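Below is one structure, written out as structure tokens, with a few remarks after it.
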Amino acid sequence: MALKVKGDLLEALGVEPTDGAEPAPELVVAAALQRLAVETGLAQDDQRDENHSVVRSAGIPASALAMLDELFGPGGRPASDDDVRDGLYEELMSLSKDAPALQSLSKPRGISGAEMLEFAQIYWNLDAEKPRRELPIPVGKLANGQQVYIKPGGVDRDVARLKLQQRAKYAPGYSGVGGAFHKRGARIAALVAKGLTDRAGAEANGARLRSTRVGRRLGWDIVWPVPKSSVSTARATKASDSVSSRDPIVSELHQLRSRSMAEADLGVAANLSNALLGILQERSEKHPGDHESQLADEYVQSGLLSVTRGRAGEALEHFSKAESISRMLSDCNPADTTYRLQLAIERTMIGALHTQA
């Protein structure tokens with residue numbers, strides 16, 4: 001999956017893109033933040049399944065989601081929708097007091113902090129629910145008494161229910177989605193991303209820029225070098241082969257599990273997976289540092305098998321354990337991007353399972 005980069009964002013960050021170049025972390029984060037503004041943005045929906053994640057279902061690649069998790073998630077854990085809303089709010093509040101930044105949004109005079117916040121609220125569909133009470137557009141009620149999340153003054157409708165192109169006309173100084181509206185949104189996204197990544201020391205996780213062309217129009221994507229066959233499967237196979245070559249018991253269990261899955265005997269395959277997990281868990285406890293990577297891979301394989309069997313809760317438990325191990329390995333080996341990619345995939349699976357729960 002690729003993350004599209006709009007021309008307005010490249011301009012806002014002063015980027016001259018070239019094929020194969022590594023994008024700065026702020027460009028990746030800003031592009032992801034722009035993606036979160038489309039459709040109904042970060043709006044809450046009382047009618048939607050409470051397990052649905054706006055952030056995880058926005059079409060953002062796993063590696064970019066991993067960066068958002070690092071910036072917004074508590075302790076680097078997967079960020080919830082409210083984690084992202086609150087983190088964006090805090091950055092916007094800081095930006096509203098930054099005079100040079102506000103001037104850059106509309107030269108030569110600039111705009112006020114309140115005007116920037118009102119625009120950002122509508123752009124991202126960011127409501128003023130607690131703890132975001134300092135945003136200028138409050139929650140309220142319609143004339144008929146219905147609860148609304150974003151109700152600009154003099155408007156008897158909930159702007160939070162609208163898509164981006166419909167919300168634009170409620171932004172101060174705009175009558176609809178146009179070039180100026182997108183430019184301001186891109187500039188705010190760039191400022192927010194710059195502030196976040198500068199403080200956190202975020203990395204782009206091996207991302208590269210790739211040009212695209214539709215007709216005569218040149219565009220740009222951010223892509224990550226993930227093999228088509230999935231990094232988790234590739235790593236698991238490699239690790240399993242390595243362990244199997246040294247251990248006849250593990251080798252035999254792997255072969256039996258492969259045969260059971262090929263014969264669609266998923267119950268037997270699950271029992272074999274549990275046996276493998278037990279062996280590797282015991283070895284990890286006896287010899288810390290030697291078997292954690294293989295154990296994480298086995299948890300991923302068990303999670304995928306649980307998904308195939310339609311057992312979402314069981315799969316979520318397996319992927320969560322894999323995520324915990326991979327996070328530890330990533331922290332201990334910060335220069336090894338393999339662990340970060342594995343972590344991104346595991347977090348994506350966790351997010352998808354929460355969405356489907």
Side-chain angles (χ1 to χ4, degrees), residues 1 49 51-53 56-57 62-63 65-66 77-78 226-330 333 336 338-357:
M1 185 187 296
D49 182 348
N51 292 315
H52 175 82
S53 171
R56 306 281 161 186
S57 60
S63 292
L65 280 174
R77 290 176 172 80
V226 180
K228 294 181 180 179
S229 58
S230 155
V231 170
S232 62
T233 301
R235 278 193 63 213
T237 300
K238 182 178 179 181
S240 297
D241 289 346
S242 176
V243 175
S244 298
S245 65
R246 300 192 304 269
D247 191 317
I249 296 176
V250 172
S251 176
E252 181 67 19
L253 288 173
H254 278 143
Q255 291 176 19
L256 289 172
R257 182 175 63 182
S258 297
R259 188 182 310 155
S260 297
M261 294 186 69
E263 295 172 355
D265 197 345
L266 301 183
V268 172
N271 290 335
L272 292 166
S273 282
N274 289 336
L276 282 163
L277 287 173
I279 291 171
L280 291 172
Q281 180 67 50
E282 182 179 357
R283 292 178 181 178
S284 175
E285 292 170 358
K286 288 183 177 179
H287 305 284
D290 292 341
H291 300 281
E292 282 76 9
S293 179
Q294 293 90 342
L295 181 58
D297 290 326
E298 286 300 338
Y299 272 123
V300 169
Q301 293 305 303
S302 295
L304 293 172
L305 180 55
S306 296
V307 169
T308 304
R309 300 177 71 203
R311 301 191 176 191
E314 185 178 87
L316 184 58
E317 182 179 353
H318 287 315
F319 284 120
S320 296
K321 289 180 178 178
E323 189 271 346
S324 178
I325 296 170
S326 294
R327 176 156 40 87
M328 180 270 293
L329 291 171
S330 181
N333 303 275
D336 192 338
T338 306
Y339 295 123
R340 290 203 297 273
L341 287 171
Q342 179 79 354
L343 190 59
I345 290 168
E346 290 155 358
R347 287 174 172 175
T348 298
M349 293 302 299
I350 290 170
L353 287 165
H354 276 306
T355 298
Q356 296 170 10

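In this text, all values refer to a predicted model and were calculated from it rather than measured experimentally.
- With a 4.5 Å cut-off on side-chain heavy atoms, L253 and I279 count as touching.
- In plain terms, the two heavy atoms of A66 and A344 that are nearest each other are CB-CB, 3.7 Å.
- The shortest distance between side-chain heavy atoms of M349 and E323 does not fall below 4.5 Å.
- To the nearest 0.5 Å, atom CD of residue E346 and atom CZ of residue F319 are 8.0 Å apart.
- Annotation: side chain of L353 is in contact with side chain of V307 (closest heavy-atom distance under 4.5 Å).
- Summarising the geometry of L341 relative to S63, their closest heavy-atom pair is CD2-OG, 3.4 Å, with the distance given to 0.1 Å.
- Residues passing the side-chain contact (heavy atoms from CB on, under 4.5 Å) test with S260, sequence neighbours excluded: D265, V268, A269, L272.
- Atom CG of L343 sits about 11.5 Å away from atom CD1 of I325, to the nearest 0.5 Å.
- The salt bridge (Lys or Arg N to Asp or Glu O under 4.0 Å) search around R311 returns E314, not counting sequence neighbours.
- Checked by atom type and distance alone, the side chain of S57 pairs as donor or acceptor with a backbone atom of S53 at under 3.5 Å.
- Counting heavy atoms from C-beta outward, L65 and R347 have side chains that stay 4.5 Å or more apart.
- Judged as a side-chain contact (heavy atoms from CB on, under 4.5 Å), and not counting sequence neighbours, the contacts of E282 are K286.
- Pairs passing the side chain to side chain donor-acceptor pair (under 3.5 Å) check and including a residue from residues 267-276, sequence neighbours excluded, read R257-S273.
- Taking each heavy atom of Y299 and Q281 in turn, the nearest pair found is OH-OE1, 3.5 Å.
- Considering only residues two or more places apart in sequence or on other chains, L266 meets the side-chain contact (heavy atoms from CB on, under 4.5 Å) condition with L305, T308, R309.
- In this structure the side chain of K321 never reaches within 4.5 angstrom of the side chain of S302, judged on heavy atoms.
- At least one side-chain heavy atom of Y339 sits under 4.5 Å from a side-chain heavy atom of S293.
- Judged by distance alone, the side chains of Q294 and E298 never bring a donor and an acceptor atom under 3.5 Å apart.
- We find the CG-NE2 distance between L276 and H254 to be 4.5 Å, quoted to the nearest 0.5 Å.
- Residues S326 and Q342 bring no donor and acceptor atom of their side chains to less than 3.5 Å of each other.
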